[in-house]
There are 2 protein chains.
Amino acid sequence: MTPAASLVFTTLLSHGPLTRSEVARRTRLSAAAVTKAVRPLMELGYLVEGVHEAARPAVGRPANLVWVDGGRALFIGVKVTGDEIIAVLADLCCRVRVSRHLRLTGRKPETVLPALTALVQELLTEADGFGVRVRGLGIAISGDVDRSDGLVRYSPFLEWRDVPLAEIAGTATGLPVTVDNDVRALTVAEHWFGAGVGLSDFALVTVGAGIGCGLVVNGRVVSGAHGVAGEIGHVSLDPLGPLCHCGNRGCAEAIAADPAILRAVRAATGRQVRDAAEALDLAHGNDPGVRAVYARAGEAIGRAIGFLVNLLGSERVIISGEGLAAYDLVAEGVQDAFAASAYGTAAQCDVMTRPLPFEEWARGAAATAIQSFMGSDMYEE
Amino acid sequence: MTPAASLVFTTLLSHGPLTRSEVARRTRLSAAAVTKAVRPLMELGYLVEGVHEAARPAVGRPANLVWVDGGRALFIGVKVTGDEIIAVLADLCCRVRVSRHLRLTGRKPETVLPALTALVQELLTEADGFGVRVRGLGIAISGDVDRSDGLVRYSPFLEWRDVPLAEIAGTATGLPVTVDNDVRALTVAEHWFGAGVGLSDFALVTVGAGIGCGLVVNGRVVSGAHGVAGEIGHVSLDPLGPLCHCGNRGCAEAIAADPAILRAVRAATGRQVRDAAEALDLAHGNDPGVRAVYARAGEAIGRAIGFLVNLLGSERVIISGEGLAAYDLVAEGVQDAFAASAYGTAAQCDVMTRPLPFEEWARGAAATAIQSFMGSDMYEE
């Protein structure tokens with residue numbers, strides 16, 4: 001697809017049915033450029049033009065709208081966590097049609113890959129019922145992932161190193177495969193359908209087992225020249241702080257991620273606290289030492305977001321992840337520390353929270369598959 | 001100009017004369033799109049096509065090249081520091097034809113603006129000799145500058161607040177005026193002509209009276225949704241560190257900028273060290289306390305660059321500014337701290353130094369004027 005066609009397509013994905021002149025206004029393309037972009041996509045049936053049910057006026061002649069025909073193609077999106085695989089079957093509008101979960105019995109590639117393949121096969125069987133081909137598979141994995149090579153360089157949670165995932169999954173399923181960092185994939189979905197619609201500069205910060213960050217700058221997701229980007233979890237906030245698995249001290253992840261909070265709660269209480277849920281119970285029971293741990297985590301998140309916004313001038317920061325379960329305990333710390341570290345007008349950035357269940361992450365993976373489809377073989381049948 | 005025309009134009013600005021097919025290859029545009037982009041620019045005389053002296057082969061038929069006719073338009077670029085104004089007259093290829101310096105007797109707008117206007121008038125008189133119109137004026141100012149409004153929101157060195165500089169300078173000179181943050185303007189010049197040519201993700205970090213940073217992400221300079229961006233100087237590296245003028249502790253600027261170094265050298269030696277040059281002499285005289293100050297500054301710069309690269313995955317970081325005078329004293333600290341804080345493949349980023357005299361900054365201001373010219377009134381005569 002040409003850059004103009006891609007812009008028109010994603011605009012229609014984000015905003016739903018629009019008139020051609022509205023497409024031109026939103027994309028800042030000329031009417032002629034919109035026509036040129038739209039024509040081949042209509043010929044292939046990916047776009048449809050006509051009177052849309054959503055815009056039939058009570059009185060007068062209805063406007064002619066253009067929209068993406070969601071039913072024209074299917075995609076599978078998969079998110080792999082340390083404990084389970086979440087997979088969705090999504091249409092070309094990235095609407096979830098079917099979703100599946102599978103608990104993992106181990107984290108090694110030998111265990112995860114056959115489970116992933118089986119789950120994809122299940123969804124491929126489901127897809128038969130729609131009578132439309134599945135055109136791509138997107139897989140979202142935490143860690144250092146090289147999308148261009150489809151390589152998982154290093155995933156700390158899975159303890160994977162240099163797994164050529166796109167190649168393996170492509171051979172096993174026969175589908176074109178896109179592998180991307182999970183937070184980056186979720187950022188694509190947020191940009192197209194979520195709290196990032198219409199924004200050219202925003203960040204998604206996920207707090208939970210780790211701290212992740214997806215960035216959109218100048219309207220595009222940042223991937224980094226060498227694959228690493230958005231590593232806000234390894235901003236060292238305190239040279240005397242707790243040791244991080246990356247080798248530095250005082251990283252945001254070593255203060256505010258679930259394992260760090262758990263360690264600090266155990267140290268504060270002297271009790272063998274089992275998991276994040278138990279730590280949360282103690283905090284809600286008003287144990288001041290435990291509350292201080294969460295307050296410190298909030299401060300770390302707020303400062304890290306402050307650095308990010310000072311650097312990029314983002315319009316919005318969306319905080320999400322399993323860590324939101326404790327957000328009432330960290331909210332004040334986040335807000336105060338962000339306000340203190342934001343420089344000048346950077347403080348105008350809208351810092352918001354938004355729960356995004358793992359199914360949304362899998363949907364993000366499907367969105368990366370749609371991206372790849374748009375980039376490459378859309379014109380082949 | 002259309003986005004395609006702008007891409008073709010800046011590619012020719014960066015790379016000099018190219019064949020049409022080479023333009024297509026570098027811009028990833030189709031031959032037809034290149035033709036469409038080039039035609040109006042040739043009709044207006046901004047681009048020329050023919051046999052270029054730089055590419056006449058010893059044997060055989062010379063290739064037909066396209067290039068920017070530098071002599072077709074002139075621009076003035078101005079950099080204002082706390083002490084002086086540096087102004088250049090540049091052609092459409094952003095080659096400096098004439099340059100002028102003027103010492104300032106004060107920093108208030110009432111002092112700076114008439115001096116600036118006088119210097120621009122001088123260059124306008126010089127321009128008469130070229131027989132070509134000056135089509136724009138670019139002004140580069142440190143601090144929080146809103147380019148879209150031409151407003152200097154806050155410049156700490158000049159102690160300016162809310163100065164509508166574009167409006168004032170436009171009225172005084174009769175020229176279309178572009179006002180931008182000085183490091184951002186220099187980043188444009190580095191992207192077009194310097195160490196950032198051909199890179200889609202790089203950063204320019206300037207160390208001196210303050211710490212500045214210009215970012216190019218996905219091929220475009222980052223401006224931030226609210227005007228602030230690149231504030232790497234206000235990454236707080238140490239909650240117990242020295243107090244910064246921004247109100248936080250341990251900011252990179254409060255450790256590694258010239259005033260901070262001077263303060264720390266005075267504290268370490270108990271002597272009334274006059275300026276950066278004297279501090280440098282003491283360090284080169286092997287005073288261990290003074291050397292430790294520079295080592296700490298180097299560590300701060302390296303860590304701040306590490307954060308930046310972890311977040312953006314930049315391919316290159318260019319360190320420049322007056323602070324390079326002390327680079328032999330900070331180099332090791334920069335390298336070690338960067339290596340320690342870079343996460344995974346982010347460490348592959350090429351961290352380099354590059355001296356850029358103030359004339360280059362003024363050239364950057366001229367480059368922003370060329371950008372504005374390309375964006376707006378290029379087709380008017």
Side-chain angles (χ1 to χ4, degrees), chain A residues 2-4 28-30 33 143-144 146 153-154 199-202 213 215 217-241 246-248 250-251 303 306-316 340-349, chain B residues 2-4 28-30 33 143-144 146 153-154 199-202 213 215 217-241 246-248 250-251 303 306-316 340-349:
Chain A
T2 63
R28 295 184 196 173
L29 291 170
S30 68
D144 180 359
D146 187 332
R153 277 214 210 87
Y154 177 46
L199 302 183
S200 59
D201 295 274
F202 76 93
C213 172
L215 298 167
V217 177
N218 288 334
R220 285 170 55 195
V221 175
V222 177
S223 298
H226 305 106
V228 162
E231 284 298 346
I232 200 182
H234 299 286
V235 167
S236 160
L237 301 163
D238 180 359
L240 303 174
C246 77
N248 288 305
C251 292
R303 282 181 63 204
F307 295 172
L308 185 166
V309 177
N310 287 349
L311 215 50
L312 295 173
S314 314
E315 196 166 348
R316 174 174 290 169
S341 35
Y343 188 78
T345 50
Q348 293 172 19
C349 173
Chain B
T2 64
R28 297 185 193 171
L29 291 170
S30 68
D144 179 1
D146 187 331
R153 277 214 210 86
Y154 176 47
L199 302 184
S200 59
D201 295 274
F202 75 94
C213 173
L215 298 168
V217 177
N218 289 334
R220 285 170 54 193
V221 175
V222 176
S223 297
H226 306 107
V228 161
E231 284 298 346
I232 199 181
H234 299 285
V235 166
S236 159
L237 302 164
D238 180 359
L240 304 173
C246 76
N248 290 304
C251 292
R303 280 180 64 203
F307 295 171
L308 186 164
V309 177
N310 286 349
L311 215 52
L312 296 173
S314 314
E315 197 167 348
R316 175 174 287 168
S341 37
Y343 187 77
T345 50
Q348 293 172 22
C349 172

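Remember, predicted model here, so these are calculated numbers, not experimental data. Quick note on labels: first sequence line is chain A, next is B, and so on, each numbered from 1.
- Of the residues considered (C213(B), G344(B), A340(B), A342(B)), A340(B) shows the highest number of contacts with chain A, using heavy-atom pairs under 4.5 Å.
- Among the candidates G250(B), C251(B), G230(B), the residue making the largest number of heavy-atom pairs closer than 4.5 Å to chain A is G230(B).
- Interface residue L240(A): only side-chain heavy atoms are found under 4.5 Å from chain B.
- Counting heavy-atom pairs closer than 4.5 Å to chain B, the top-ranked of the candidates L312(A), V222(A), D201(A) is L312(A).
- Most heavy-atom pairs under 4.5 Å with chain B: of the set E315(A), R316(A), R220(A), this distinction falls to R220(A).
- At a 4.5 Å heavy-atom cutoff, the contact between N248(A) and chain B is made by side-chain atoms alone.
- Contact count versus chain A (heavy atoms, under 4.5 Å) is highest, among D238(B), V309(B), L29(B), for D238(B).
- With N310(B) contributing its side chain and V235(A) its backbone, the two residues share no donor-acceptor pair below 3.5 Å.
- Looking only at heavy-atom pairs under 4.5 Å with chain B, the residue among F307(A), Y343(A), F202(A) that has the most is Y343(A).
- In this structure, the separation between OG on S341(A) and NE2 on H234(B) is 12.0 Å, given to the nearest 0.5 Å.
- Of all non-hydrogen atoms in L311(A) and L215(B), the two that sit nearest each other are O-CD1, 3.3 Å.
- Only the backbone of L237(A) has a heavy atom closer than 4.5 Å to any heavy atom of chain B.
- In this structure, the portions of N218(A) lying under 4.5 Å from any heavy atom of chain B include both its backbone and its side chain.
- Of the atoms belonging to R28(A), not a single heavy atom falls under 4.5 Å from chain B.
- Taking each heavy atom of S314(A) and A225(B) in turn, the nearest pair found is C-CB, 4.1 Å.
- The candidate from C246(A), A347(A), S236(A) with the greatest count of non-hydrogen atom pairs under 4.5 Å with chain B is S236(A).
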